[in-house]
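Quick notes on the structure that follows.
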Number of protein chains: 2
Amino acid sequence: MRRISNDSEAVRSALLAAEDRFVQAWGQMAGAWGVSRTMAEAHALLYIVGEPRNTDEVMERLRISRGNASMTLRALVDWGLISRVHKRGDRKEYFAAERDVWAMLGALLRERKKRELNPLLVALHEIRDETGAIPGEPAEQHRARLDAMLGFIGAIDRIADRMIAMSAGELREATHALTALADGLDAHAKGGAS
Amino acid sequence: MRRISNDSEAVRSALLAAEDRFVQAWGQMAGAWGVSRTMAEAHALLYIVGEPRNTDEVMERLRISRGNASMTLRALVDWGLISRVHKRGDRKEYFAAERDVWAMLGALLRERKKRELNPLLVALHEIRDETGAIPGEPAEQHRARLDAMLGFIGAIDRIADRMIAMSAGELREATHALTALADGLDAHAKGGAS
DNA sequence: ACAAACTTTCAGAAGATTCTGAAAGCCTCA
DNA sequence: TGAGGCTTTCAGAATCTTCTGAAAGTTTGT
């Protein structure tokens with residue numbers, strides 16, 4: 001029947017359009033995840049299509065060069081956000097996105113902590129050490145500010161550690177618990193005494 | 001006494017060097033905070049020196065142009081990370097960094113949620129709505145993936161809301177509680193039964 | 001060993017972001 | 001009203017990031 005065939009085509013193109021919109025929306029979050037726009041888009045594409053895709057399909061869909069696709073996909077594999085999939089009977093390499101969004105968060109946290117948080121903590125400790133012996137009131141206050149910042153970054157670092165150590169399920173659980181906890185503290189603050 | 005004068009100078013320059021190192025370290029985190037390098041550096045400078053500084057002092061210390069300093073400081077004020085300070089008897093404008101690191105985190109979260117999370121949620125909901133009527137198994141699965149992502153981003157959004165609503169003190173408290181909670185879940189997972 | 005099929009690399013090009021500096025704008029005080 | 005002191009603006013310059021495409025590299029099958 002012609003009508004069904006037409007419908008199928010319409011359905012297909014509607015889905016493709018939705019995928020494109022998702023890819024675009026996700027691409028705008030690239031900065032927030034700390035990856036390039038194209039990395040975010042390629043990840044979004046693989047996530048939303050749900051099935052493994054090869055380099056050519058990604059190139060075509062995202063309108064990017066082969067070189068760019070290659071480097072982008074490799075970077076995503078390095079980040080642990082997608083994985084290589086081999087299909088028997090096909091020499092091409094396929095890539096599939098992690099399907100669990102919480103596992104995805106874990107991978108993101110792990111990489112960013114490694115790249116950003118750890119080096120910062122090292123630098124702050126170095127500064128603190130080399131500043132420790134300077135005498136005088138201004139130096140004291142400088143150290144106080146440095147220590148406040150160290151405490152802050154340290155706290156964030158510990159949270160990141162804990163979250164990274166969790167499985168996807170635990171992470172989801174902890175997140176929901178955190179929402180509840182925050183509600184509790186909020187009620188506490190608004191409600192009554194110490 | 002000459003010796004004391006010498007010492008004072010040495011102390012002064014050691015402190016300046018430490019400040020510079022701090023500024024540099026903080027500048028490298030710019031990407032993580034979602035601000036430009038110069039914004040991060042200017043903020044770091046104002047934070048670590050502890051006292052209000054005027055545009056000329058920031059320009060000189062950071063070796064940037066007047067125009068850049070002006071725009072950077074204004075942006076920091078917009079983000080709520082620093083505030084304008086007027087000194088009586090001085091026509092220059094001074095800027096002082098928020099002193100409480102937790103309040104700083106709150107300001108950061110508020111801005112980034114507004115700029116990044118909210119638009120993403122709107123876009124995802126739109127896609128979901130426009131995709132709702134598409135029939136067929138592939139569309140079903142597409143919606144399932146979209147919903148998983150919506151649930152995830154929604155959870156993050158709720159946490160951000162709660163954190164933004166908290167005062168600096170509550171935020172610190174909640175963070176420490178979270179570390180404890182994570183420890184608890186961790187022990188739970190490793191330890192025993194459901 | 002060779003060829004076909006596919007992937008990776010990287011120098012230079014393109015594009016995006018950030019910065020400069022000079023001119024315009026805005027107060028304040030005389 | 002106007003001169004001085006300070007701040008803001010913004011077009012073009014400089015810089016940094018990302019992308020392209022062709023050549024080199026790799027793997028698989030015969």
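Every heavy atom of this structure was used, including side-chain atoms; hydrogens, water molecules and symmetry mates were not. Each chain gets a letter, A, B and so on, in the order its sequence line appears, and its residues count up from 1.
- If you take CG of B:Asp56 and C1' of D:dG5, they are 11 Å apart, rounded to a whole angstrom.
- Residue B:Lys92 contributes atom NZ, which lies 15 Å from atom C1' of C:dC27 at whole-angstrom precision.
- Between the P atom of C:dT8 and the CG atom of A:Asp78 lies a distance of 11 Å, rounded to the nearest Å.
- Taking 4.0 Å as the cut-off between side-chain N and carboxylate O, A:Arg115 and A:Glu111 count as a salt-bridged pair.
- DNA chain D lies under 4.0 Å from no heavy atom of any residue of residues 32-42 of chain B.
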Which letters describe nucleotides 20-30 of chain D, given B = protein heavy atom under 4.0 Å from base, S = only from sugar-phosphate, - = neither? BB-----BB--
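- Aromatic ring pairs are classed by plane angle as parallel below 30°, tilted from 30° to 60° and perpendicular above 60°; the pair B:Trp33 and A:Phe152 is parallel.
- In the hydrophobic clustering of ILVMFWY residues, with side-chain heavy atoms under 4.5 Å counting as a link, B:Leu73 and B:Val77 come out together.
- Exactly one of B:Arg172, B:Met163, B:Glu173 qualifies for a side chain to side chain contact (heavy atoms under 4.5 Å, CB included) with B:Trp102. That residue is B:Arg172.
- B:Arg21 and A:Glu130 are joined by a salt bridge, as a carboxylate oxygen and a charged side-chain nitrogen come within less than 4.0 angstrom of each other.
- At whole-Å resolution of the value, CG in A:Leu76 and P in C:dT7 are 16 Å apart.
- Residues B:Trp26 and B:Leu16 do not share a hydrophobic cluster, defined by chaining ILVMFWY side chains whose heavy atoms lie under 4.5 Å apart.
- Going from atom CZ of B:Arg74 over to atom P of C:dG25 covers 16 Å, rounded to whole Å.
- Across the protein-nucleic acid pair, B:Asn54 atom CG and D:dT7 atom P stand 7 Å apart, rounded to whole Å.
- A:Val101 and B:Ala148 get closest at one heavy-atom pair: CG2-O, 4.1 Å.
- A:Ile82 and A:Met59 fall into different hydrophobic clusters, defined by Ile, Leu, Val, Met, Phe, Trp and Tyr side-chain heavy atoms under 4.5 Å apart, directly or through other members.
- Here CG of B:Leu46 is found 8.5 Å from CZ of B:Phe95. Values are rounded to the nearest 0.5 Å.
- Rounded to a whole Å, the CZ atom of A:Phe95 is 14 Å from the P atom of C:dC6.
- With axes fitted over five pairs at each extremity, the angle between the ends of the helix from C:dA1-D:dT30 to C:dA30-D:dT1 is 20° (10° resolution).
- Residue B:Ala18 comes nearest to A:Ile127 through the heavy atom pair O-CG2, 4.0 Å, listed as atom of the first residue, atom of the second, then distance.
- Between B:Leu73 atom CG and D:dC6 atom P there is a gap of 16 Å when expressed in whole angstrom units.
- Side chain to side chain, B:Gln141 and B:Glu137 meet the donor-acceptor criterion of an N or O pair below 3.5 Å.
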